[in-house]
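Written below as structure tokens is the structure these notes are about.
All figures in this text were calculated on a predicted structure; none of them were measured in a lab.
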Amino acid sequence: MHIEYDRENDTAYLSFVARIPDGAAVRQVAVDGVAPDAEVMLDLDAAGRMLGIEVTGARRVLPAELLDGAPSVS
């Protein structure tokens with residue numbers, strides 16, 4: 001698993017593959033009920049396999065030590 005964190009926008013991306021090619025994530029599925037002020041989207045490929053998870057409002061729902069150790073993309 002690979003984690004990137006945009007500190008400026010408090011958005012984290014957790015990917016389950018080394019590299020997601022452009023256009024590979026053909027379907028996004030929202031996850032309801034995670035937390036107020038947080039949004040979670042699952043990225044799926046054409047076969048329905050999960051490629052990654054985008055978390056907006058990451059500090060509200062992910063452990064601080066996970067985010068603090070992640071490379072920044074901002």
### Student check: side-chain heavy atoms of Leu44 and Val26 closer than 4.5 Å
no
### Task
Kindly say whether Ala47 contributes a backbone atom to a donor-acceptor pair with the side chain of Asp45 at under 3.5 angstrom?
yes
#### Entry: Joint hydrophobic cluster, Met1 plus Val17, side-chain heavy atoms closer than 4.5 Å
no
### Full working for side chain to side chain contact (heavy atoms under 4.5 Å, CB included) between Thr56 and Asp10
CA-CA 6 Å; Thr56 304; Asp10 193 25; over 6 Å; no
### Summary
Rounded to the nearest 0.5 angstrom, the CG-CZ distance for Leu42 and Arg49 is 15.5 Å
#### Entry: Path from Met50 to Val34 over hydrophobic side-chain contacts below 4.5 Å
yes
### Summary
To the nearest 0.5 Å, atom CD of Glu4 lies from atom CG of Asp6 at 9.5 Å
### Message
Testing the basics here: between Glu54 and Thr11, what is the closest heavy-atom pair and its distance to 0.1 Å?
### Response
OE2-CG2, 3.7 Å
#### Entry: Flag for Asp68-Tyr5: side-chain donor and acceptor within less than 3.5 Å
no
### Query
Do the non-hydrogen side-chain atoms of Ile53 and Val40 ever get within less than 4.5 Å of each other?
yes
### Query
Do Leu67 and Val61 share a hydrophobic cluster (ILVMFWY, side-chain heavy atoms under 4.5 Å, transitive)?
yes
### Query
Of the non-hydrogen atoms in Ala38 and Gly57, which two are nearest, and what is the gap between them?
CB-O, 4.0 Å
### Task
Check whether Leu14 and Val29 end up in the same hydrophobic cluster, where Ile, Leu, Val, Met, Phe, Trp and Tyr are linked by side-chain heavy atoms less than 4.5 Å apart.
yes
### Message
If you count every heavy atom of other residues, nucleotides or ligands that lies below 6.0 Å from Arg27 atom CZ, does the total exceed 12?
### Response
no
### Query
Cluster question for you: counting only ILVMFWY and a side-chain heavy-atom cut-off of under 4.5 Å, with indirect links fine, are Val73 and Met41 together?
no
### Message
Quick check: closest heavy atoms across Leu51 and Tyr13, and the distance to 0.1 Å?
### Response
C-OH, 4.4 Å
### Task
Over all heavy atoms of both residues, which pair between Arg7 and Pro71 is shortest? Give the atoms and the distance, please.
NH1-C, 4.1 Å
